[in-house]
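The structure under discussion appears below in the form of structure tokens.
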Amino acid sequence: MAPGARTGQTAAVLLMLSTTHRPATDLGFLLHKNPARAQQVEVSTGTAHVFYPEATDDRCTVVLLLEVDPIALVRGKGDGEGFALGQYVNDRPYAASSLLAVALGKVFASARRGVSKERPELADTPLPLEVHLPALSCRGGAELAERFFGPLGWRVQATELPLDGRFPEWGASRHVDLRLTGTHRVADAVNHLYVGLPVLDGAKHYWVSADEIDKLLRAGEGWLAAHPERELIAARYLAHQKRLTGTALARLAEVDDAEVLDDAPEVTDPPTPLAQLAQLRQGAVLAALRSAGAHRVLDLGCGSGALLPALLAEPSFTEVVGVDVSARALELAARRLRLDRMPERQRARLILLQGALTYTDARLAGYDAAVLMEVVEHLDPDRLPALEHAVFTAAAPATVLVTTPNVEHNVRYPALAAGGMRHRDHRFEWTRAEFTDWAQGVAGRRGYAVRFLGIGPDDPEVGPPTQLAVFDRGVAA
Ligand code: SAH
């Protein structure tokens, strides 16, 4: 096919997504596109075609083919994607790129939300997937494709296409034949591509506006905050507009600890993978709550809700209150909990409140227990007395559980051995002695007894990775 951008010919770019998870044709339910029926969708950049060249129980492949309309591109269709500035011709119609991402976003909008009426569980299940983009515009070449998709858990095969320089109008762009193999939820895979294509393309200069931040964060939910290249991704996705990039990164930094730590590939290796540590921490907190006989429980600094589902899963916790200062975190929590689809009886046991733990708050008084899981280290040390007063004297639950990293253990994580902290929003991390000191001081001043437990393997030299203090009121000496 000859380059046709200057002549107004249409051209096509395509993406293939396959699964071998049996029955593979269920892919159609997850994509909300029937394998038996080819479909056409008009998008701002041309016409998108969706069809299945193979659809058997063993293997199912969907093709998204975008027929680019260069005239529409140059004129801009003004449908909100903002192509009015599309005065460019070079390689656009030929390479899977930002334009394909726009089509992908629209055609698979429901799939990207991860919901499927017919196969709700499958939508939540990571499936073996393959993606093939035969001609991906990739200004960073194969190496950038690896840097983007590798940390997300994809096996990346990127072969540079020897096209460059053949067509002067393609300018300096480079192209790769990209194959990805991995096990992902279909929604996650589509969102990886939705963000990845324009990031690799690096030419998304024409549609960037403030609501792109929302699109990026929505598509990046659950993976972008932990991505080692998040700065590069945000900058390229937002076309290097410093103000937008700064806002996006600030909002990403609000995403809680658990999410960042659990997924961060550079620190998940030895000796206790952090994802596993998060599980252990949750288990320890639940066990302490049960043994305290708590029924009405506060999760203070609940973040995006790492603990809330486990609390709601136990009917003995009759009231569960998640509190966080970050509205964004609470929004993520509501989404994680699928609040809109939660059974009424469970919904009635849950309250989400926005509030700062450094101010007394009458809504928090009178509970059986409060959990501060990985929260205190997010406060500036000079705010700790305010938190101490608000939690232990004003709210004054019978039991308070506080977990925090044991900084001594960081030497066991190679990525942290040089003195790094476990999360970039941590204001401090304590040794066992420092935590004990603080907790005993609080207990003494506020009328609680305190005992200490380790979470994770108790290393003979540096102690456990996480420390837990259990405060009980009423049994103080
Ligand atoms: N407990 C969760 C989240 C820990 S991250 C978990 O274990 O996964 C710390 C959380 O504390 C963040 O969501 C942050 O927004 C919240 N936070 C920090 N300072 C706060 C304050 N002063 N008041 C209320 N929440 C605060």
Side-chain angles (χ1 to χ4, degrees), residues 217 221-222 225-226 249-264 267 274-289 297-312 317 320-337 350-364 367 369-392 394-395 397 400-406 421-430 455-456 465-469:
L217 297 182
E221 197 182 321
L249 290 171
R251 283 176 54 182
L252 274 177
E254 278 176 18
V255 175
D256 75 47
D257 207 30
E259 222 175 291
V260 172
L261 284 180
D262 291 356
D263 301 340
V267 284
L274 287 164
Q276 196 179 320
L277 184 56
Q279 285 298 317
L280 292 170
R281 193 162 56 217
Q282 228 185 70
V285 165
L286 290 170
L289 288 173
V297 177
L298 301 167
D299 183 1
L300 303 178
C302 61
S304 64
L307 186 64
L308 296 172
L311 290 171
L312 287 171
F317 300 126
V320 174
V321 183
V323 182
D324 206 284
V325 72
S326 154
R328 170 80 190 149
L330 292 171
E331 222 174 85
L332 287 173
R335 226 179 286 165
R336 172 186 290 205
L337 289 162
L350 173 71
I351 301 171
L352 293 178
L353 296 176
Q354 190 176 8
L357 302 174
T358 43
Y359 294 89
T360 59
D361 186 338
R363 297 174 299 179
L364 307 186
Y367 282 82
V371 178
L372 291 122
M373 188 165 91
E374 309 297 280
V375 172
V376 289
E377 66 276 9
H378 288 263
L379 274 85
D380 288 323
D382 64 358
R383 301 299 291 149
L384 287 177
L387 172 130
E388 178 185 325
H389 174 77
V391 173
F392 291 86
V400 181
L401 307 178
V402 177
T403 79
T404 196
N406 164 21
M421 287 202 252
R422 296 192 201 176
H423 187 283
R424 63 187 175 285
D425 189 45
H426 284 178
R427 307 301 154 92
F428 58 84
E429 284 175 356
W430 275 328
I455 299 176
T466 301
Q467 25 192 359
L468 166 65

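Just follow the structure's listing: the first ligand is 1, and inside any ligand the first atom is 1.
- Applying the side-chain contact (heavy atoms from CB on, under 4.5 Å) test between V371 and each of L298, L289, V400 identifies L289 as the sole match.
- Within the listing of ligand 1, atoms 4 (C), 5 (S), 9 (C) sit less than 4.0 angstrom from a heavy atom of E374.
- Here CG of L387 is found 8.0 Å from CG of L300. Values are rounded to the nearest 0.5 Å.
- Distances from atom 6 (C) of ligand 1 to the heavy atoms of R281, R427, M373 show the closest one on M373.
- In C302, the part holding a heavy atom less than 4.0 Å from any atom of ligand 1 is the backbone.
- Checking only distances, A329 never comes within under 3.5 Å of ligand 1, N or O to N or O.
- Looking at H378 against ligand 1, only its side chain comes within 4.0 Å, counting heavy atoms.
- Contact detail for G355 and R363: the closest heavy-atom pair is CA-NH2, 4.2 Å.
- Every ring pair (Phe, Tyr, Trp, His ring centres under 6.0 Å) that F428 has, sequence neighbours left out, goes to W430.
- Between A306 and ligand 1, no pair of N/O atoms sits closer than 3.5 Å.
- Those atoms of ligand 1 that come under 4.0 Å of a heavy atom in G301, given as number and element, are 1 (N), 2 (C), 3 (C), 4 (C), 10 (C), 11 (O).
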CA sep, side-chain torsions, deciding dist, call: L308, L352, side-chain contact (heavy atoms from CB on, under 4.5 Å): CA-CA 10 Å; L308 296 172; L352 293 178; 3.8 Å; yes
Chi angles and distances behind the side-chain hydrogen bond (donor to acceptor under 3.5 Å, both in side chains) call for T404, Q467: CA-CA 6 Å; T404 196; Q467 25 192 359; 5.8 Å; no
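- Below 4.0 Å from some heavy atom of G355 lie the following atoms of ligand 1, by number and element: 23 (N), 24 (C).
- Close contacts of ligand 1 with L379, meaning ligand atoms under 4.0 Å from a residue heavy atom, involve 19 (N).
- Applying the side-chain contact (heavy atoms from CB on, under 4.5 Å) criterion to D380, with sequence neighbours excluded, gives D382, R383, R427.
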